[in-house]
Amino acid sequence: MISKNMESALNHQIELEAYASQYYLAMASWCDSQGMEGAAEFLHAQSIEERGHMMRIFHFLSEVDGFAITPAIPQPPLEFKSIKEIFEKVYQHEQKVTASINKLLAICYKEDDYNTLNFLQWYVEEQREEENLARSILDKINLIGDGAQSLYFIDQEMKNILKMAQAKEAQEKA
Ligand code: FEO
């Protein structure tokens, strides 16, 4: 069993994760349109991950006799000014998600819901990694610069970052 309050808070989290998936997909499309294949590939992978985050909560709610609501997703922006703006927005969105996870944890403590608290531990770790990743990409963009001459190098770097992230994930699953 899960409280109605917690059920509703988790459904709100489903909305945030679903929006992140669409948001990053829109960013991937913009990068593709600019010929930035590495960044597009990275953002496609992030979009799929976010859907995974949403689905974990879906299944959890079913397991605890709650009801997972399939969310209506607002239209994300389709145009961006630069690759730097994209990763500033990714970082901001990840911070918003972290704040929301922290609110869920606060509800767990308030309601003595240690089952949901245990479930959410995975998200605490994941958010630490995702914020760190977004911040380190932004640092690299700031270092390399995002002028026309630098875009090729940023794009190559995105391919490397994606490869490293995927290798780490495979290692964690093994
Ligand atoms: Fe699922 Fe990146 O927040």
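For ligands, and for the atoms within them, numbers begin at 1 and follow the listed sequence.
Partners of Glu169 by salt bridge (charged side-chain N to carboxylate O under 4.0 Å, His left out), not counting sequence neighbours, listed by chain and number: Lys173. For the ring pair (Phe, Tyr, Trp, His ring centres under 6.0 Å) test, no residue two or more places apart in sequence or in another chain qualifies with Tyr24.
Within 6.0 Å of CD in Glu37 there are 12 or fewer heavy atoms belonging to other residues, nucleotides or ligands.
Glu50 and His53 share a side-chain donor-acceptor pair at under 3.5 Å.
In this structure, Met6 belongs to a hydrophobic cluster whose other members, linked by side-chain heavy atoms under 4.5 Å apart, are Ile2, Leu10, Ile14, Met54, Met55, Ile57, Phe58, Phe60, Leu61, Val64, Val97, Ile101, Leu104, Leu105, Ile107, Tyr109, Tyr114, Leu117, Phe119, Leu120, Trp122, Tyr123, Val124.
For atom 2 (Fe) of ligand 1, the tally of protein N/O/S atoms lying closer than 2.8 Å stands at 4.
Note that CE of Met36 and CD1 of Ile154 are 5.5 Å apart. Values are rounded to the nearest 0.5 Å.
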